[in-house]
Every structure is written in C-alpha cells, then in structure tokens.
**Student:** 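Here it is, the structure in full.
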Amino acid sequence: MAYKYCTATNWGKDFFTHEERKQFHLSGHAGDVWVVGDNLYGDQWIGKVSGAIKSKSEAQAIVTAEIEAAQAAYDALSAEEQSRQSRPAIYNLP
Amino acid sequence: MATITLTVTVANPGSGNRYYLDGVLQATISAIPGNTYKFDQADGTNSGHPLRLSITSNGTHSGGSAYTTGVTTNGTPGSAGAYTQIEVTATTVQALYYYCTNHSGMGGSFNTGSSATVQYQDREGFNIQNFSADQTSVGQIYYNTSSGSFKAVTAGGVPIGTWSSGGTMNTARSDLSAAVFGPSSAGLGIGGYNPPGSPSARAITESYNGSSWTEVADLNTGRWIAAGFGTQTSAVNSCGCTVDSSQFTAEAETWNGSSWTAAPDVNTTRRSYGASGASSTSGLMFGGRNVPAYFAVTESWDGSSWTEVGDLNTARAYMAGNGTQTSAVTASGLAPSPTTVSETWNGSSWTEITELSTARHDASMFGSGNTDAIISGGSPNPKALTEYWDGSSWTEVADRASAMNAGAGSGASCTNGMTFGGLIGPPGNTGITEEFSAAAFQVKTLTTS
C-alpha cells in the first residue's frame with residue numbers, strides 16, 4: 001500500500017470521520033505526523049485538515065525526535081512508574 | 001436458519017381491535033427465506049384472536065382461505081405457549097397476509113420477497129424486486145430504480161465499525177476514569193493525572209455532549225488510576241492515588257449529574273482496578289493493586305455500602321472492564337506481566353473466557369456486558385489495536401487512528417462507544433477523543449465485471 005505523509009493538528013470532532021476511515025488508511029504518530037493512504041480520498045483529507053506534506057524521511061525524523069525526547073522523560077521517572085510503562089521505542093513509519 | 005419471534009398483542013387504536021407486532025400497529029413484515037417467523041400469541045390480549053396466514057388480504061373475511069404450507073400452530077391465543085409460525089423457504093408464496101380468524105381487518109402484510117404489486121422476474125426460485133430507495137433488511141438483493149443498479153443489504157455491526165475523532169478534552173490527562181455505561185454522546189471524564197502541577201492528581205470532571213467537553217464540578221478528592229461506573233448523570237468514582245503512586249485512598253464518591261458527594265469507603269484500598277455498573281446505586285469494582293500486591297478481590301456497590309463478592313480467577317491490575325453489576329467483562333492487565341487473560345461476570349462469579357489476541361494493560365473498554373465488549377489501545381507502548389468480544393471469542397476489528405494507553409472508555413453498546421484522554425507516546429498526556437460507531441447494516445452495489 002502506498003502512503004503519503006503530512007503533519008496536521010487534530011482539532012477534535014470531525015478531524016477525521018467514520019466515512020473517511022472507510023475510504024483510506026489513516027494513522028496518527030508523534031509530532032502530529034499522519035500516515036495517509038495514497039488515494040483520492042486521502043488527498044482530499046489532507047486538504048481538509050490543511051496538512052503539511054512531508055517526505056517519508058522528513059516524517060520519520062519528526063517521529064524519531066519526539067520519541068527520543070520521550071525516552072529522556074522516561075529515564076527520569078521513578079522506578080515504580082518505569083515498571084508500569086515501557087521505555088518508548090523508536091519505530092519505522094510504514 | 002434463525003427463528004424470528006414476533007410478539008403479537010391486540011389493542012384498539014380507535015377503529016376496532018388490531019394486531020400489533022412487536023408494538024407496531026399492523027406491521028408489514030419482510031421475511032427472508034431460510035428463517036422461521038413465530039407469531040407469539042401468549043400475551044393475554046390475544047384471547048379470542050387466533051392469527052393465521054393467507055394469500056388473500058384479510059384472509060377468510062375476504063373469501064380467502066388459510067395458507068398452511070410450512071405453518072404450524074400451538075396452544076390457545078392469550079395463553080402461555082400459544083403461537084403460529086411459518087417456515088419461509090424459496091418456494092413460499094411471496095405475498096402473504098396475517099389475519100384474525102374471528103374478526104375482520106385486524107391483520108397486515110407478510111412479504112417473503114416480493115408483493116403482487118411489484119414487477120419481478122424469477123431467477124432460480126429467488127426474486128429481484130424493484131425499489132426506488134435503498135433497503136434496510138439484511139439479506140435483501142434488489143434493483144434500485146433511482147440509481148439503476150442492483151444492490152444488496154449485507155450485515156453490519158461491530159465488524160464494519162470505524163473510529164472517528166471526537167471533541168478534545170479541555171485538560172489533557174492520563175489515568176482518568178469514565179462513567180463507563182454512558183453512550184458516546186453523553187460521556188463523563190473523571191480525575192486523572194497530568195504532571196507537572198500541584199497536585200498532579202486531578203479533581204477535574206468533564207462532561208461530553210457528542211461533540212465537545214465541558215468542565216463540571218470537581219471531585220472532592222483529586223485522584224488518578226481510579227475507576228468509575230455509571231452514566232453522565234449518575235456515577236461512582238472510588239480509590240486511586242491522591243498524591244503520587246504510593247498514596248492510595250479507599251474513599252468513594254457519587255455523582256448526581258451536578259456534584260460529587262462522599263460515599264462509604266471501599267473495603268480494600270487499591271488502585272489500577274476495573275469497574276462496571278450502570279448507575280450510582282449499582283456497580284462493581286474488581287482487581288487492582290496496592291504495591292506490591294495484586295488483587296483478585298471484587299466488591300459490589302448497592303448505593304449504600306460495598307460488599308465483597310466472588311474473586312477474579314487471576315489477580316491483576318491495570319485491566320479494562322465494562323458492563324453492569326450483574327453482567328461484566330474484564331480483559332488484559334498486569335499480572336504482573338502484560339496479559340491476555342479475560343473473564344466474564346454473571347452476577348455471582350467470574351469465569352475465564354477465550355483470551356485476547358494481544359497482551360496489554362492500561363487499555364480502554366466499552367460495551368453492554370458479558371456478551372458484548374470492545375477493548376482498544378493499551379500498553380506496552382501505546383497501541384491502536386482494537387478487539388471485539390461477541391460472547392464467544394475476541395476478533396480484531398478496525399484500529400484506532402492514534403495509538404493510546406491509560407485513557408478511559410465508555411459506552412453501553414459496542415456499536416456506539418468512545419475512548420478519551422490517556423497517553424499517546426510521545427508527547428504524553430492527551431485530551432484526544434475517538435468515537436467508535438457501526439451501522440446495523442450496509443448497502444452494497446453489485447457489479448458484474
């Protein structure tokens with residue numbers, strides 16, 4: 001499946017709708033990065049939310065930077081809190 | 001196939017006695033071949049009104065006779081066990097009518113695929129009917145004269161459900177509670193955790209109207225990793241941590257739609273437990289922990305006191321739960337490792353059921369009870385995975401858009417629920433709401449190439 005990448009801030013109600021979720025892939029990631037199915041409906045959604053188009057590597061860099069910051073925050077937690085949460089792991093966008 | 005029971009009652013709407021099917025005056029029934037339709041005449045109002053079927057409207061009162069193919073009758077109308085039923089097959093006459101053998105004008109239509117007024121062509125025993133508008137009965141195949149296309153109505157429900165974005169909470173936070181039994185148009189978000197701040201444990205309560213959140217009255221004691229049950233206007237919240245993860249409380253509070261009132265303490269002080277219940281006078285809390293112990297203890301709330309009832313089979317904390325005081329589901333948790341363990345509650349005891357596909361903790365759940373639940377999100381590492389319990393097994397359904405854990409879930413139905421708040425990692429605490437919805441059916445256009 002082909003994807004497009006963008007950044008957009010989730011404003012809440014109707015940022016994405018049930019109908020849109022049926023029409024294209026959509027997943028949200030750190031740094032307000034969104035992975036969007038590359039089809040007509042996905043393009044329309046990017047326009048609706050005024051998404052800033054990113055290349056995959058640009059999007060990955062945003063996500064990685066956010067996770068690295070979260071890793072530092074995790075390392076500063078108490079042992080009790082660390083026992084409950086996993087240390088955020090860097091992952092690759094699809 | 002299925003037996004579909006139609007509850008028959010008799011009442012006079014002003015023009016003489018008439019049959020009501022499932023409460024609908026002289027309802028027109030669209031039957032599907034393969035099913036058996038049972039006209040249940042046990043209700044006392046049926047006395048003296050035997051129901052039969054005929055190919056003639058109004059049956060014997062209009063010169064017709066009773067249609068008997070596949071028809072069986074039992075008992076005396078108005079008495080327990082009385083019914084008339086018909087097994088509908090591909091060869092059943094398409095246009096039938098139900099009528100009272102004693103009184104004219106009481107009945108209505110019972111269609112098994114077509115009516116005499118609609119043109120159709122026979123195709124190997126089945127019929128394609130013309131309609132100008134889309135239909136709603138699962139199993140129907142028809143020709144839509146407006147769009148000029150063949151269409152079919154296929155099954156709906158949770159398997160076709162999707163997540164959409166809802167209104168964002170005013171205060172981003174994790175480890176909050178919900179009044180778990182409210183619909184997605186009437187949620188209640190309670191307490192939670194949002195450091196830094198003084199105190200980190202929040203007393204904030206927010207109310208959701210289907211599109212936006214509004215702050216309402218605070219808890220008397222701010223708390224997080226608690227749990228709640230009830231609805232937007234009648235709820236309970238109890239236990240949890242009040243300062244940091246080492247400060248537990250046994251305090252409980254009840255919500256009447258506008259303010260929180262202190263209620264009797266629970267018997268076992270704990271945090272990170274599950275809860276179910278439909279109001280501020282009826283609920284259940286189960287599991288949890290009080291470092292270092294993990295609990296199996298279940299307590300039942302009757303509106304005035306907490307009583308210990310049947311333990312969970314597997315002690316654990318950070319589990320998801322939903323349902324009522326007498327019918328609940330719990331799944332996932334830390335025991336102390338992330339687990340797939342799931343259990344249902346029948347009002348007196350917990351039973352282990354089929355396990356989740358994916359081990360997790362700090363997930364969110366909604367649903368009606370022990371035969372109907374959705375679990376979504378969770379840790380380790382925030383998840384978008386969503387699984388549906390249909391009473392016999394868990395099935396993966398549509399993922400959330402944003403992976404999340406330590407949020408709250410509410411909804412008294414799997415076809416209309418939501419999650420809110422929690423941790424999306426990173427950046428952390430969020431006020432995001434996602435709403436899950438599924439239609440009862442879906443209309444598909446049939447193509448020939």
Side-chain angles (χ1 to χ4, degrees), chain A residues 6-37 41-42 45 48-49 51 62-91 93-94, chain B residues 160-170 174-175 193 195 208-213 225 241 244-246 271-272 289 291-292 317-318 334 336 338 361-362 379-382 384 398-406 420 423-428 430-439 442:
Chain A
C6 73
T7 55
T9 302
N10 183 345
W11 65 64
K13 189 74 176 179
D14 294 334
F15 179 71
F16 52 87
T17 65
H18 291 290
E19 193 60 32
E20 288 165 341
R21 292 302 309 278
K22 295 175 184 174
Q23 293 168 332
F24 59 93
H25 171 89
L26 181 68
S27 61
H29 302 269
D32 286 338
V33 169
W34 296 89
V35 177
V36 186
Y41 301 108
W45 182 81
K48 181 185 98 170
V49 302
I62 294 170
V63 171
T64 299
E66 292 281 340
I67 294 175
E68 287 174 344
Q71 288 175 332
Y74 175 89
D75 293 340
L77 291 174
S78 66
E80 161 67 9
E81 282 304 304
Q82 285 188 349
S83 70
R84 183 182 164 208
Q85 301 291 332
S86 297
R87 190 172 191 266
I90 293 174
Y91 61 91
L93 292 174
Chain B
I160 66 162
T162 54
W163 293 92
S164 68
S165 61
T168 303
M169 303 188 82
N170 295 288
S174 60
D175 300 300
Y193 181 75
Y208 189 60
N209 65 4
S211 60
S212 62
W213 289 91
I225 334 180
C241 294
D244 58 38
S245 56
S246 65
R271 63 176 170 91
S272 316
R289 71 178 303 204
V291 179
Y318 300 107
L334 285 175
H361 58 91
D362 285 292
S379 286
N381 291 324
D399 284 358
R400 309 164 48 80
S402 296
M404 177 276 290
N405 68 289
F420 46 90
L423 294 164
I424 55 173
T430 182
I432 285 175
T433 298
E434 290 201 28
E435 299 173 7
F436 187 86
S437 178
Q442 53 185 335

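Proteins get letters first, then strands, A, B, ... in listed order; numbering begins at 1 in each.
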**Student:** Say you draw a straight line from OG of S437(B) to CZ of R21(A); how long is it, rounded to the nearest 0.5 Å?
**Tutor:**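 If I round to the nearest 0.5 Å, the distance is 13.0 Å.
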**Student:** Answer yes or no: is there a side-chain heavy-atom contact under 4.5 Å between E434(B) and F16(A)?
**Tutor:**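 Sidechains of F16(A) and E434(B): in contact.
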**Student:** Counting only heavy atoms from other residues, nucleotides and ligands, does the tally under 6.0 Å from OH of Y74(A) exceed 12?
**Tutor:**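 Counting neighbours around OH of Y74(A), more than 12 heavy atoms of other residues, nucleotides or ligands fall under 6.0 Å, so yes.
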**Student:** Between G166(B), S402(B), G167(B), P380(B), who has the most heavy-atom pairs with chain A when the cutoff is under 4.5 Å?
**Tutor:**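 Ranked by contacts with chain A, first place is G166(B).
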**Student:** Whether the side chain of K13(A) engages the backbone of G210(B) through a donor-acceptor N/O pair (distance < 3.5 Å, no angle test) should be reported.
**Tutor:**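 Between the backbone of G210(B) and the side chain of K13(A) there is a qualifying donor-acceptor contact (under 3.5 Å).
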**Student:** Grab the two heavy atoms, one from K22(A) and one from I160(B), that are nearest each other, plus how far apart they are.
**Tutor:**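 Shortest heavy-atom separation between K22(A) and I160(B) comes out as CE-O, 4.4 Å.
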**Student:** Give a yes or no on whether the backbone of S164(B) and the side-chain of T17(A) come within a donor-acceptor separation of less than 3.5 Å.
**Tutor:**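 Flag not set: sc T17(A) to bb S164(B) has no pair under 3.5 Å.
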**Student:** Under the side chain to side chain donor-acceptor pair (under 3.5 Å) rule, collect the residues that match up with D32(A), sequence neighbours excluded.
**Tutor:**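 For D32(A), the residues satisfying side chain to side chain donor-acceptor pair (under 3.5 Å) (neighbours in sequence not counted) are T9(A).
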**Student:** Could you have a look at A73(A), G12(A), A89(A) and say which one has the most heavy-atom pairs with chain B under 4.5 angstrom?
**Tutor:**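 Of the options given, most contacts go to G12(A).
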**Student:** For a 4.5 angstrom cut-off between non-hydrogen side-chain atoms, does D399(B) reach S27(A)?
**Tutor:**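 SC-SC contact between D399(B) and S27(A) ruled out.
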**Student:** Please classify the contact between T433(B) and chain A as side chain, backbone, both or neither, with a heavy-atom cut-off of under 4.5 Å.
**Tutor:**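 Neither the backbone nor the side chain of T433(B) comes within 4.5 Å of chain A.
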**Student:** Test of understanding: with side chain to side chain contact (heavy atoms under 4.5 Å, CB included), list the residues that count as partners of L93(A), not counting sequence neighbours.
**Tutor:**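 Side chain to side chain contact (heavy atoms under 4.5 Å, CB included) list for L93(A), sorted by chain: Y5(A), H29(A), V33(A), V35(A), A59(A), Q60(A), V63(A), Y91(A).
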**Student:** If I take atom OG1 from residue T162(B) and atom CG from residue L26(A), how far apart are they, to the nearest 0.5 angstrom?
**Tutor:**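 So the gap between those two atoms works out to 11.5 Å.
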**Student:** Using 0.5 Å steps for rounding, measure from the CD1 atom of I424(B) to the CG atom of N10(A).
**Tutor:**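 I424(B) atom CD1 to N10(A) atom CG measures 8.5 Å (nearest 0.5 Å).
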**Student:** By a 4.5 Å heavy-atom criterion (distance strictly below it), what part of E435(B) contacts chain A: side chain, backbone, both, or neither?
**Tutor:**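 Both backbone and side chain.
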**Student:** Could you look at Y208(B) and say if it's the side chain, the backbone, both or neither that has a heavy atom under 4.5 Å from chain A?
**Tutor:**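 Contact with chain A is through the side chain of Y208(B) alone.
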**Student:** Considering only heavy atoms, which portion of W11(A) lies under 4.5 Å from any heavy atom of chain B: side chain, backbone, both, or neither?
**Tutor:**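 Backbone only.
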